[in-house]
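What follows is a short report on a single structure.
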Amino acid sequence: MRGRIYKISSNEYTVKSDSGEIFVCAAKGALKIKGDGLSVGDLVELGKEGVITEVLPRKNRFNRPNVSNADLILVVISPLPEPDFYLVDKVLVNAAFQGVQAVIAVNKTDIGDALTGIVESQFGKAGVKILSFSAVSGEGKEKLEETIKGKLTVLAGQSAAGKTSVVKALFGIDLKTGDVSRKTGRGKHTTTCSEIFEKDGFMIVDTPGFAAIDAAVPPQNLPSLYPEYAQYAGECRFRGCRHITEPDCKIKELVEAGELSCERYERYKKIYSQLFEKRRDYEKD
Ligand SMILES: Nc1nc2c(ncn2[C@@H]2O[C@H](COP(=O)(O)OP(=O)(O)OP(=O)(O)O)[C@@H](O)[C@H]2O)c(=O)[nH]1
Ligand SMILES: [Mg+2]
Ligand SMILES: [Zn+2]
């Protein structure tokens with residue numbers, strides 16, 4: 001029998017079978033290898049007595065949040081807590097590397113609408129859809145529904161951006177949500193494990209918020225993972241231009257001319273140098 005993992009808590013795997021039954025299962029020891037164990041979204045084979053015996057090949061797999069077989073990554077940000085665009089960039093890079101579509105969802109429009117404009121100015125050419133809505137007032141809900149219907153949608157982003165609130169708003173169910181800490185201005189990590197919620201053709205993975213994430217790609221791939229840079233490949237003087245120190249670089253020209261976001265470009269350089277350093281460390285071993 002086959003099914004999909006909907007939730008993992010310690011050693012209990014909640015699996016929904018193809019026929020729609022819910023099982024709480026254990027997993028064969030070899031499938032629980034640290035770092036490469038099972039994740040929510042995995043398609044699995046169930047043996048006798050409800051033990052997971054095999055993982056079917058994955059379309060994709062993300063570490064943070066730890067989810068497999070995503071069709072869409074919905075990066076949720078909001079005016080409060082203050083959005084971390086560096087984190088957004090890295091989520092987009094990881095999604096692009098695995099060929100998964102990403103959408104930036106600007107939540108909490110009821111407390112201010114300035115953020116959408118900022119996001120559009122920095123990510124408008126980044127090949128992602130930008131949506132704005134309010135999980136509390138319901139504004140923008142139809143557009144969001146249209147975008148995610150029929151796709152295994154993974155919510156990703158900082159704690160307290162409103163990921164769980166999105167699930168509540170779409171499904172009309174009650175789930176635990178948390179406040180922004182008055183002391184630190186950050187979220188309190190209310191959601192502690194990933195879980196798939198499903199209803200009427202919607203399938204959403206609520207996930208724990210995170211404050212840091214690594215871009216998990218080889219540095220030489222980075223330029224091709226920025227669609228607004230990749231479209232000019234060939235217009236830089238050097239083939240394989242990294243758009244950093246090379247002369248006659250089209251991307252640098254466009255950034256200087258204000259055609260491409262300077263903020264996103266500065267963060268690009270930072271991500272590149274981090275990936276490069278990491279690779280050097282790795283090669284030293
Ligand atoms: N004003 C307003 N507040 C919102 C909105 N959406 C969520 N919130 C509030 O933001 C806070 C955090 O919401 P959560 O849904 O718990 O955030 P989360 O992203 O799931 O956080 P973690 O589970 O910690 O990762 C709660 O106090 C929500 O009520 C919104 O659209 N407008
Ligand atoms: Mg949550
Ligand atoms: Zn260049």
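The ring pair (Phe, Tyr, Trp, His ring centres under 6.0 Å) search around F85 returns F123, not counting sequence neighbours. Under the rule for a salt bridge (charged side-chain N to carboxylate O under 4.0 Å, His left out), K90 has no partner lying at least two apart in sequence or in another chain. Annotation: ring pair (Phe, Tyr, Trp, His ring centres under 6.0 Å) contacts of F62 (sequence neighbours excluded): none. In terms of the side-chain hydrogen bond (donor to acceptor under 3.5 Å, both in side chains) criterion, residue partners of R242 (sequence neighbours excluded) are, by chain and number, T245, E246.
Rounded to the nearest 0.5 angstrom, S17 OG and I22 CD1 are separated by 7.5 Å. Note: L222 CG to S273 OG = 10.0 Å, rounded to the nearest 0.5 Å. To the nearest 0.5 Å, atom SG of residue C193 and atom CD of residue E12 are 11.0 Å apart. Note: D179 CG to R186 CZ = 16.0 Å, rounded to the nearest 0.5 Å.
K7 and S194 are not linked by any side-chain donor-acceptor pair at a separation below 3.5 angstrom, with hydrogens and angles left out of the test. Between the side chains of N107 and S78, no donor N or O sits under 3.5 Å from an acceptor N or O. For the residue pair S68 / S39, a side-chain donor-acceptor distance below 3.5 Å is found, with atom types taken as modelled.
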Worksheet item: Does the pair R64 and N94 meet the rule for a side chain to side chain contact (heavy atoms under 4.5 Å, CB included), with working shown?
Response: CA-CA 10 Å; R64 201 161 258 195; N94 290 344; over 6 Å; no
Item to complete: Report the C-alpha separation of F276 and K278 in whole Å, then their side-chain angles, then the decisive distance to 0.1 Å, and conclude whether the side chain to side chain contact (heavy atoms under 4.5 Å, CB included) test is met.
Response: CA-CA 5 Å; F276 193 71; K278 217 165 57 187; over 6 Å; no
Worksheet item: Where do I104 and I77 land on the side chain to side chain contact (heavy atoms under 4.5 Å, CB included) test, with the steps shown first?
Response: CA-CA 8 Å; I104 302 179; I77 59 171; 4.0 Å; yes
Worksheet item: Step by step, would you call I5 with V44 a side chain to side chain contact (heavy atoms under 4.5 Å, CB included)?
Response: CA-CA 7 Å; I5 300 182; V44 295; 3.9 Å; yes
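Among residue pairs with one or both ends in residues 39-57, those qualifying as salt bridge (charged side-chain N to carboxylate O under 4.0 Å, His left out) are R2-E45, D42-R58; sequence neighbours excluded. For residues 111-123, the side-chain hydrogen bond (donor to acceptor under 3.5 Å, both in side chains) pairs, not counting sequence neighbours, are Q122-R267. Each salt bridge (charged side-chain N to carboxylate O under 4.0 Å, His left out) pair with one or both residues in residues 137-150, not counting sequence neighbours, would appear here, but there are none. Residue pairs satisfying the salt bridge (charged side-chain N to carboxylate O under 4.0 Å, His left out) criterion with at least one member in residues 91-107, sequence neighbours excluded, are absent. Within the structure, salt bridge (charged side-chain N to carboxylate O under 4.0 Å, His left out) contacts touching residues 153-163 (residues at least two apart or in different chains) do not occur. Within the structure, side-chain hydrogen bond (donor to acceptor under 3.5 Å, both in side chains) pairs that include any residue of residues 214-236 comprise E228-R264 (at least two apart or interchain). Within the structure, every pair that satisfies the side-chain hydrogen bond (donor to acceptor under 3.5 Å, both in side chains) test and touches residues 196-213, not counting sequence neighbours, is listed here: Y6-E198, K16-E198, T164-D206.
R239 CZ: 12 or fewer foreign heavy atoms inside a 6.0 Å radius.
Nearest approach of V93 to A215, heavy atoms of both residues: CG1-CB, 4.2 Å. Residue C25 comes nearest to I52 through the heavy atom pair CB-CG1, 4.1 Å, listed as atom of the first residue, atom of the second, then distance. For the pair D84 and Q158, the tightest heavy-atom approach, listed with the atom from each and the gap, is N-OE1, 3.0 Å. The nearest pair of heavy atoms linking A160 to G187 is CB-CA, 3.5 Å. Closest heavy-atom contact between V217 and L275: O-CD2, 3.4 Å. Taking both residues in full, the closest heavy atoms of A156 and I73 are given as CB-CG2, 4.1 Å, listed atom of the first, atom of the second, then distance.
Y272 and Y268 have tilted rings, their planes meeting at an angle from 30° to 60° on a 0 to 90° scale.
Apart from V167 itself, the hydrophobic cluster it occupies contains L72, L74, V76, V103, L131, F133, L144, I148, L155, V166, L170, F171, I173, L175, F197, F202, I204, where clustering links Ile, Leu, Val, Met, Phe, Trp and Tyr at side-chain heavy-atom distances under 4.5 Å.
The backbone N or O of G41 lies less than 3.5 Å from a partner atom in the side chain of N69, making a donor-acceptor pair. With hydrogens and angles disregarded, no donor-acceptor distance shorter than 3.5 Å links the side chain of K129 to the backbone of A102.
Residues H243 and C236 are in side-chain contact: their nearest non-hydrogen atoms beyond the backbone lie under 4.5 Å apart. With a 4.5 Å cut-off on side-chain heavy atoms, F97 and P218 count as touching. Residues V154 and V100 fail the side-chain proximity criterion, which asks for heavy atoms closer than 4.5 Å. Proximity of V40 to E195: side-chain heavy atoms (C-beta onward) are nowhere separated by under 4.5 Å. The shortest distance between side-chain heavy atoms of V67 and R61 does not fall below 4.5 Å. Side-chain contact between T153 and V205 is absent, with no heavy-atom pair separated by less than 4.5 Å. For the pair P83 and L115, the minimum side-chain heavy-atom distance is below 4.5 Å. For the pair F210/S159, no side-chain contact is recorded, criterion being any heavy-atom separation below 4.5 Å from C-beta on.
Criterion: ILVMFWY side-chain heavy atoms under 4.5 Å apart, direct or through other members. Under it, V106 and I118 are part of a common hydrophobic cluster. In the hydrophobic clustering of ILVMFWY residues, with side-chain heavy atoms under 4.5 Å counting as a link, I251 and I244 come out together. Following chains of ILVMFWY side-chain contacts shorter than 4.5 Å, one can reach I213 starting from V128, so the two form part of one hydrophobic cluster. Cluster membership check: V55 shares its hydrophobic cluster with M1, using side-chain heavy-atom separations under 4.5 Å among Ile, Leu, Val, Met, Phe, Trp and Tyr. Note: the hydrophobic cluster containing L43 does not contain L38 (ILVMFWY, side chain heavy atoms under 4.5 Å, direct or indirect links).
Ion pairing between K151 and D71 fails under the 4.0 Å rule for side-chain N and carboxylate O.
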